[in-house]
Structure formats: C-alpha cells, structure tokens
Participant: 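Pasting a structure below so you can have a look.
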There are 2 protein chains.
Amino acid sequence: MSPARRGQDTRDRVVGAAASLYRRQGCAGTGLAQIAQESGTRVGSIYHFFGGGKDALTEEVVRTSGAAYGALVAGILAEGPEDPVEALGAAFGRAADDLAASGYADACPIATIALEVASTHEPLRRATAEVFGEWLVGLTAFCRGVVDDEAVARDLATAVLTMLEGAFVLSRAARDTTALHAAGRGVVVLASALRDTHAAQD
Amino acid sequence: MSPARRGQDTRDRVVGAAASLYRRQGCAGTGLAQIAQESGTRVGSIYHFFGGGKDALTEEVVRTSGAAYGALVAGILAEGPEDPVEALGAAFGRAADDLAASGYADACPIATIALEVASTHEPLRRATAEVFGEWLVGLTAFCRGVVDDEAVARDLATAVLTMLEGAFVLSRAARDTTALHAAGRGVVVLASALRDTHAAQD
DNA sequence: CCCTCTCTTGAACGATCACTCAAGTAGGCT
DNA sequence: AGCCTACTTGAGTGATCGTTCAAGAGAGGG
C-alpha cells in the first residue's frame, strides 16, 4: 500500500475519531492522546497531517461533520413524506429515534463545539457559523415548499433549526426524547400556520 | 468581619466567577486556577468550600445560575406585554438585546455545561436536566395563559424553550441576533396558532 | 539498488490540570 | 487572656495538556 493511501486512511480515521469524541464530550474535554488512541495512531501522526495542531484538526472536524450532517438531514427530508410539513415533523421523530439509539450521544455534531468556541476562538467560531449558515440555506430552500415567500421561508427554516438544536440540548440532558417530539409537533403547527396565512394572502 | 461572613463572600464570589467563566468557555475549558484568580482567592480556598472538588462546584453553579436564570425569565415575562403571546415574543427580543450587549457571551448559563456533561458525567447531567425541568414547569404555567389545556401548554412551553436554547446557539455562533428574532417571530406564530385552535375547540 | 518522499514512532518539552496539605491568620466565645 | 473554629496561604503532588523533534520504516521512481 502506498504511503499516500495509508496516510489518507489515517487522516480520515483521525478526523472521524475526533468528530465522534467531540460530539460526546466537547472539544476542550477531548485530548489529542485520546483521539490518537481512538483512531489507532500516535499523536505525532496527527501533527503530520495537521500542522496547525488541534485547532486545525478541530476546524476540519467542524467543516467535515457539518457537511455530512447537512447532507444527512437533507436526505431524511427528501425521503420523508411528500407533504413538506409532514416531512419536517417526521424528521424530528427520526432525530429522536437516532438519538435514543445512540445512547443520547449522537445529536448535533457541532453544537457543543459552537458553544465552547463562540467567545474564545474566533476562527473556529466563524467555521461553526458558516456551517449553520449553509444548513440554513438548504433548509430555507426546503421550506420554500411550504411558503413561497423567501423571507418567510427563511424565518421558518431558522425556527426549525433552533427547535432542532434546542431540543437536542434538552433531550440529551434529560435522556429522553420528549423535547424532540414536542418540538416536532411545534414545527408542524408552526409550518402549517405559516402555510395557511400565506395561502390566505394569495 | 466574622470569618463566616468573609467565607460566605468568598464562596459566593467563587460560584459567581465560575458561572461567568463556564458560560463563556464551558466547564472543561475552565481551570480552577482561572476561577480562583477571577474571584480573587486561591485554589486552596475553593477546596475549603467545595470538598467535592470541581464537580461539586460545577453542580452548585448549575443549580444556582439555573435558578437565577429561571427567575430572570419569569420576571421578564411578568413585566412584559399583558398579552402572554406578545410577552413571549418580547422576551426573545429582550434576550437578543442582552446577548448583543454582553458581546454575545451571556446566553443560557447552563447549555454549554449540559452538552459537555450529558454523556460524560451522570450526576451533573441529572443536575442540568432538573434545572431544565424546573424551567419547563414555570414556562408551562405561563403558557396556560395562552392555552388552557395542560398538555398543549406543556408542548408549547417545551417548544418555546427549545427555540430559545437553539437560537442562543445560532446567535452566539453567528454573532448576530437574527436567529433570536426569527425564533421570537416563530414563537408568536406558534402560540397564536395554538390559542386559535384551542379556542375553536371550546 | 538507492534515493526520495510520506508517514510512523517514541521520547521529550514546558505548561497547566485537579487536587492535597501543613502552616498561618484572625475573629468569636468563655 | 487563651482557645476554637473558620478561613487563607503557598508550596507541592502526579497526571495530562498541546506541541516538537529526531530517527526509523517503507513503498515508488530513477
């Protein structure tokens, strides 16, 4: 096996292990030694791939898992019920199932990092903001299927994302999916109300 | 001044400094040395008051600032517009103002801790869950002013809290209050819709 | 075959981590 | 006055933090 291939594998394993650990215990609570052990390599190898040190690795984790989670949610919405309002509600149910199945660990991959770095590390804060921004672009496009008006759709998308993020916080803390299911019902009511008022204005 | 009084002062300053630092940079990212320096004492004094070490201090921070923030929100809602739906919306505007005024640091005092400890420290996880639970009790009571049905009020309260928590995450990451304002508009639409459908069922 | 380049390895750096402890200080009480 | 208790102080514990580096391993191209 070529060194380049071996290296790419190691690099991917490091990013994957870091993403998994960050999601469970945050960035500050995860040491490079633990990341190295979890990915079956040594700390020195991490520095071979990430000359910028832990910060560079963390930024790559944010962007990589941010893109992956955005694609995951987009897929769930696309494969869900045909009615976009019902699809939004079903997505919260799916999120609840996945969260419980993972022992209440696999929620938003970057929320913990975002809160940790928001006031302490400007480059990482920007990275998390950009990921959230990209999610909002995709969600807004989907919400255009509920309400045609761009501004209203963006408001709905923002509300949906806040409810998902907040419900992840509450559900992980409580170790039950009540908050996620309540948020899902709220999303359906909110989206339906916006669709109705929008239709009434046509 | 009596030793007991001096001690109580020191203890309060330690809890206050820890709460402030935790809110900005999380629990794992805050060292006891920094807490001691910020509160004008020494690490040894922290251990005099908190024999259980950092965990004991953290639990007190969670319960203390959890209760304080619950009272703060309750006060804002009570002093807000008479219409409870408008009061909920206004509270999000107030949260946005406060967040921006603090340099996007003072959001939820326990959200970062909750995410950090949810999968790593069971006693602290329970503490955060209990704080969220108490907030939900108060919020549900307030939402009874919107919808009389207990279950619907609790759903609304849960949705409101998830939107506040999620909007704090997005707004701190983006360093702007767009998400909080959008969430506030969403809360008004959601609460209004629930009030209308509930009234129609009477 | 040997050189090169990529990647791995293991040891070491100073700093900081949570934590401990013995000695010192000072007000309250008898 | 003298003791007691509460609190402070500063030094020190081993462990782990992020980071660095020199040396080794191993496949590809000449």
Side-chain angles (χ1 to χ4, degrees), chain A residues 1-19 21-22 24-62 112-113 116-117 120-124 127, chain B residues 1-19 21-22 24-62 112-113 116-117 120-124 127:
Chain A
M1 187 183 290
S2 81
R5 258 237 66 64
R6 272 188 300 137
Q8 199 61 32
D9 286 353
T10 301
R11 204 189 133 99
D12 288 348
R13 285 202 320 272
V14 167
V15 173
L21 290 168
Y22 283 179
R24 285 170 168 78
Q25 53 194 14
C27 175
T30 303
L32 288 178
Q34 192 180 7
I35 296 172
Q37 181 174 350
E38 202 80 6
S39 53
T41 182
R42 317 296 166 116
V43 178
S45 287
I46 298 181
Y47 276 88
H48 172 76
F49 295 107
F50 300 95
K54 194 187 188 186
D55 290 348
L57 168 60
T58 303
E59 179 159 346
E60 176 135 338
V61 167
V62 167
T112 311
I113 306 173
E116 284 181 298
V117 304
T120 60
H121 196 293
E122 183 61 14
L124 286 176
Chain B
M1 187 183 289
S2 79
R5 258 233 73 60
R6 271 188 299 136
Q8 199 60 31
D9 286 351
T10 301
R11 202 189 136 99
D12 288 348
R13 285 201 322 272
V14 167
V15 173
L21 290 167
Y22 283 179
R24 285 169 168 79
Q25 52 196 12
C27 174
T30 303
L32 287 179
Q34 192 180 7
I35 295 172
Q37 182 174 351
E38 202 78 8
S39 54
T41 183
R42 319 296 166 115
V43 177
S45 288
I46 297 181
Y47 277 88
H48 171 75
F49 295 106
F50 300 95
K54 193 186 186 184
D55 290 348
L57 169 59
T58 303
E59 179 159 347
E60 177 136 337
V61 167
V62 167
T112 312
I113 305 174
E116 283 181 298
V117 306
T120 61
H121 196 292
E122 183 62 14
L124 286 176

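So you know, we letter chains A, B, ... as the sequences are listed, proteins then strands, and number each from 1. As the structure is a computational prediction, the values presented were derived from the model and not from experiment.
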Participant: What is the distance from CG of B:Asp55 to P of C:dC17, rounded to the nearest Å?
Facilitator: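 Checked: the CG to P distance equals 16 Å.
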Participant: Write down the distance between CG (B:Asp9) and P (D:dC7), rounded to a whole number of angstrom.
Facilitator: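 Interatomic distance, CG of B:Asp9 to P of D:dC7: 10 Å.
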Participant: Report yes if a side-chain nitrogen or oxygen of B:Tyr47 is closer than 4.0 Å to either non-bridging phosphate oxygen (OP1 or OP2) of C:dC19; otherwise report no.
Facilitator: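 Checking C:dC19 against B:Tyr47, a side-chain N or O does come within under 4.0 Å of OP1 or OP2.
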Participant: Of the candidate nucleotides C:dC7, C:dC17, D:dA6, which contains the atom at the shortest distance from the side chain of B:His48?
Facilitator: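 Nearest listed nucleotide: D:dA6.
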Participant: Just by distance, with hydrogens left out, do A:Thr120 and B:Gln25 show a side-chain donor and acceptor under 3.5 Å apart?
Facilitator: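 Absent: no donor and acceptor within the cut-off.
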Participant: Under 4.0 Å between any heavy atoms, over every strand shown, what does B:Gly53 touch: base, sugar-phosphate, or nothing? Just pick one.
Facilitator: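 Result for B:Gly53 = sugar-phosphate.
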Participant: Roughly, in whole Å, what's the span from CD1 in B:Ile46 to C1' in D:dC7?
Facilitator: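 These atoms are roughly 14 Å apart.
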Participant: So what does A:Gly31 touch, heavy atoms closer than 4.0 Å: a base, only the sugar-phosphate, or nothing?
Facilitator: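 The residue A:Gly31 makes sugar-phosphate contact but no base contact.
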Participant: Starting from the 5' end of DNA chain D, give me the residue, A:Gly52 or B:Thr41, whose nearest nucleotide shows up first.
Facilitator: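 Nearest-nucleotide comparison on DNA chain D picks B:Thr41.
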Participant: Quick one: A:Phe49 CZ to C:dC7 C1', roughly how many Å, whole number?
Facilitator: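 My rounded result for the distance is 6 Å.
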Participant: Separation of A:Arg11 atom CZ from C:dT6 atom P, in whole Å?
Facilitator: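 Roughly 14 Å, once rounded to whole Å.
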Participant: Rounded to whole angstroms, how far apart are NZ on A:Lys54 and P on C:dT16?
Facilitator: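 One finds 15 Å between P of C:dT16 and NZ of A:Lys54, rounded.
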Participant: Please indicate whether B:Glu122 has more than 12 foreign heavy atoms, meaning atoms of other residues, nucleotides or ligands, lying under 6.0 Å from its CD.
Facilitator: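 More than 12 within 6.0 Å, yes.
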Participant: Do A:Leu57 and A:Leu32 make a side-chain contact, defined as non-hydrogen atoms from C-beta onward lying under 4.5 Å apart?
Facilitator: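 In short, these two side chains touch, coming nearer than 4.5 Å.
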Participant: Does the A:Glu116 side chain pair with the main chain of A:Gly26, one donor and one acceptor, at a distance under 3.5 Å?
Facilitator: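 Not at all, since once roles are kept as given, no pair shorter than 3.5 Å links the two residues.
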Participant: Is there a donor in the side chain of A:Tyr22 and an acceptor in the side chain of A:Thr112, or the other way round, less than 3.5 Å apart?
Facilitator: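 The criterion, which ignores hydrogens and geometry beyond distance, is not satisfied for A:Thr112 and A:Tyr22.
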Participant: So what does A:Thr58 touch, heavy atoms closer than 4.0 Å: a base, only the sugar-phosphate, or nothing?
Facilitator: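 Nothing, no nucleic acid heavy atom in range.
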Participant: What's the CD-C1' distance between A:Gln34 and D:dG18, to the nearest Å?
Facilitator: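 That distance rounds to 14 Å.
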Participant: With a cut-off of less than 4.0 Å, is there a side-chain N or O of B:Thr10 near OP1 or OP2 of D:dC7?
Facilitator: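 Indeed not, no polar side-chain atom of B:Thr10 lies that close.
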Participant: Look at the side-chain N and O atoms of A:Arg42 and state whether any lies under 4.0 Å from the OP1 or OP2 oxygen of C:dT8.
Facilitator: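 Checking A:Arg42 against C:dT8: no side-chain N or O falls below 4.0 Å of OP1 or OP2.
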Participant: Just N and O in the side chain of B:Ser45: are any of them under 4.0 Å from OP1 or OP2 of D:dC7?
Facilitator: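 Result: no.
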Participant: Find the distance A:Gln37:CD to D:dC17:C1' and express it as a whole number of Å.
Facilitator: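 The answer, rounded to whole Å, is 15 Å.
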Participant: Can you figure out which of C:dC19, C:dT8, D:dG18 approaches the side chain of B:Leu32 most closely?
Facilitator: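 So the side chain of B:Leu32 is nearest to C:dC19.
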